[in-house]
Amino acid sequence: MDDLDSAVVLGMADQAPDGIVITDREGLIRYWNRGAERIFGFAAAEVTGRSLDVIIPERHRKRHQEGFDAAMERGSSKYGDADLLNVPALAADGRKLSIEFSVVLLSGPDGSPYCGAVVRDVTARRERERELMRRRAEATTV
């Protein structure tokens with residue numbers, strides 16, 4: 001893969017249907033692909049340089065920030081390669097989303113830390129699962 005031009009890889013990331021988000025050490029958004037635009041409803045230009053709080057529900061922000069800061073300080077995440085995190089998120093129009101994402105810590109050319117995430121909107125699937133559970137609960141109480 002040494003002969004694969006980095007522009008091809010970046011093109012893939014830009015056009016991927018899943019959201020790809022990269023933040024810097026302070027949690028400011030530095031990369032936001034088309035998938036993230038589709039999922040969250042914010043154009044890259046609207047969120048670049050802003051805090052990730054733009055998509056984190058207020059009641060989860062403190063916990064997120066504490067975990068984020070700890071990972072940046074350690075230089076590693078407590079989540080492994082196979083971990084898929086499930087969290088609530090916010091869309092630009094205020095809708096609540098259910099997202100799943102994997103997270104990786106990255107180093108810039110100068111060694112500065114970044115955090116990358118690959119995000120998928122699972123809101124519809126979660127709603128179907130809740131409806132199925134509700135129906136099952138009703139069937140057992142009848």
Side-chain angles (χ1 to χ4, degrees), residues 1-140:
M1 290 198 328
D2 291 337
D3 63 338
L4 185 61
D5 188 285
S6 61
V8 173
V9 177
L10 187 56
M12 168 63 184
D14 285 344
Q15 296 179 41
D18 287 338
I20 300 177
V21 178
I22 300 174
T23 63
D24 64 14
R25 167 65 181 97
E26 286 75 40
L28 301 179
I29 298 165
R30 297 297 173 200
Y31 180 79
W32 185 268
N33 76 339
R34 286 187 199 174
E37 289 181 340
R38 180 186 57 77
I39 291 167
F40 297 107
F42 290 103
E46 292 177 88
V47 295
T48 300
R50 291 179 62 187
S51 168
L52 200 55
D53 284 352
V54 71
I55 61 168
I56 300 173
E58 189 170 342
R59 70 178 217 221
H60 298 283
R61 290 177 187 164
K62 183 176 186 272
R63 182 174 175 204
H64 170 267
Q65 192 63 52
E66 289 169 354
F68 181 87
D69 289 343
M72 287 296 176
E73 187 68 29
R74 279 191 315 268
S76 64
S77 172
K78 66 181 182 178
Y79 302 106
D81 291 344
D83 289 327
L84 193 59
L85 306 172
N86 299 285
V87 297
L90 295 173
D93 62 7
R95 283 178 301 117
K96 296 199 180 354
L97 304 171
S98 292
I99 61 170
E100 291 180 344
F101 68 98
S102 56
V103 63
V104 294
L105 294 185
L106 309 162
S107 289
D110 63 355
S112 57
Y114 291 86
C115 182
V118 177
V119 181
R120 182 166 287 172
D121 181 359
V122 295
T123 306
R125 187 182 83 209
R126 291 277 190 239
E127 288 173 3
R128 287 190 304 271
E129 290 169 353
R130 281 192 288 273
E131 178 62 20
L132 182 58
M133 288 176 24
R134 185 189 64 75
R135 287 183 188 170
R136 286 182 179 160
E138 285 178 358
T140 59

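Here, residue 1 is the first one in the sequence, and each next residue gets the next number.
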Closest heavy-atom pair, Pro57 versus Ala89, reported as atoms and distance to 0.1 Å, is CD-CA, 3.9 Å
Minimal non-hydrogen separation, Ser98 against Asp121, with atom names:
O-OD1, 3.3 Å
Does a side-chain heavy-atom distance below 4.5 Å link Glu100 with Arg126?
yes
We want to know whether Asp14 and Tyr31 form a side-chain donor-acceptor pair, criterion being a heavy-atom distance below 3.5 angstrom.
yes
Considering only heavy atoms from C-beta outward, does the side chain of His60 approach that of Arg63 to under 4.5 Å?
no
Sub-3.5 Å donor-acceptor pair from the side chain of Arg38 to the main-chain atoms of Pro17, do we have one?
yes
Phe40 vs Trp32 aromatic rings, parallel, tilted or perpendicular, using cut-offs 30° and 60°?
tilted
If you define the side chain from C-beta out and look only at heavy atoms, does anything of Lys96 sit under 4.5 Å from Pro88?
no
Check for a donor-acceptor pair, side chain of Arg61 on one end and backbone N or O of Ile56 on the other, with a separation under 3.5 Å.
yes
Are Asp83 and Lys78 packed together at the side-chain level, in the sense that at least one heavy-atom pair is separated by less than 4.5 angstrom?
no
Could you check if a side-chain atom of Phe68 sits within less than 4.5 angstrom of a side-chain atom of Leu52, using non-hydrogen atoms only?
no
Set out, in order, the CA-CA distance, both residues' side-chain angles and the distance that settles side-chain contact (heavy atoms from CB on, under 4.5 Å) for Asp18 and Val119, then state yes or no.
CA-CA 6 Å; Asp18 287 338; Val119 181; over 6 Å; no
Are there over 12 heavy-atom neighbours, none belonging to Arg74, within less than 6.0 Å of that residue's CZ?
yes
Looking at CG of Leu28 and OG1 of Thr23, how far apart are the two atoms once the value is rounded to the nearest 0.5 Å?
8.0 Å
Are the side chains of Ile99 and Leu85 in touch, meaning some heavy atoms are under 4.5 Å apart?
no
Please find the pair of heavy atoms, one from Ala92 and one from Gly41, that lie closest to each other, and give the distance.
CB-O, 3.5 Å
For the pair Phe42 and Ile55, evaluate side-chain contact (heavy atoms from CB on, under 4.5 Å) and give the outcome as yes or no after the intermediate values.
CA-CA 9 Å; Phe42 290 103; Ile55 61 168; 4.1 Å; yes
Roughly how far, to the nearest 0.5 Å, is CD of Glu129 from CE of Met133?
8.5 Å
Just so I know, are the side chains of Cys115 and Val103 near enough to count as touching, which here means a heavy-atom distance under 4.5 Å?
yes
Indicate yes or no for a side-chain donor-acceptor contact from Asp24 to the backbone of Gly27 under 3.5 Å, with no hydrogens or angles considered.
yes
Distance col, row His64:NE2 vs Ser51:OG, nearest 0.5 angstrom, shows 8.0 Å
Does the salt bridge (Lys or Arg N to Asp or Glu O under 4.0 Å) test come out yes or no for Glu131 and Arg134, once each step is laid out?
CA-CA 5 Å; Glu131 178 62 20; Arg134 185 189 64 75; 2.3 Å; yes
Would a 4.5 Å heavy-atom cut-off, applied to side chains only, mark Arg25 and Asp69 as touching?
yes
Is there a donor-acceptor pair under 3.5 Å between the side chain of Glu46 and the backbone N or O of Ala43?
yes
Candidate pair Val9 and Leu4, rule side-chain contact (heavy atoms from CB on, under 4.5 Å), full reasoning:
CA-CA 8 Å; Val9 177; Leu4 185 61; 3.7 Å; yes
Could you tell me whether a side-chain N or O of Ser107 sits under 3.5 Å from a main-chain N or O of Ser112, the two making a donor and an acceptor?
no
So which heavy atom on Arg120 is nearest to which on Ile39, and how close?
CA-CD1, 4.3 Å
Is it true that Asn33 and Glu37 share a donor-acceptor pair across their side chains at a distance under 3.5 Å?
no
Please test Arg136 against Leu132 for side-chain contact (heavy atoms from CB on, under 4.5 Å), starting from the C-alpha separation and ending with a verdict.
CA-CA 6 Å; Arg136 286 182 179 160; Leu132 182 58; 3.7 Å; yes
CG of Asp53 to CD of Glu58, rounded to nearest 0.5 Å, is 9.0 Å
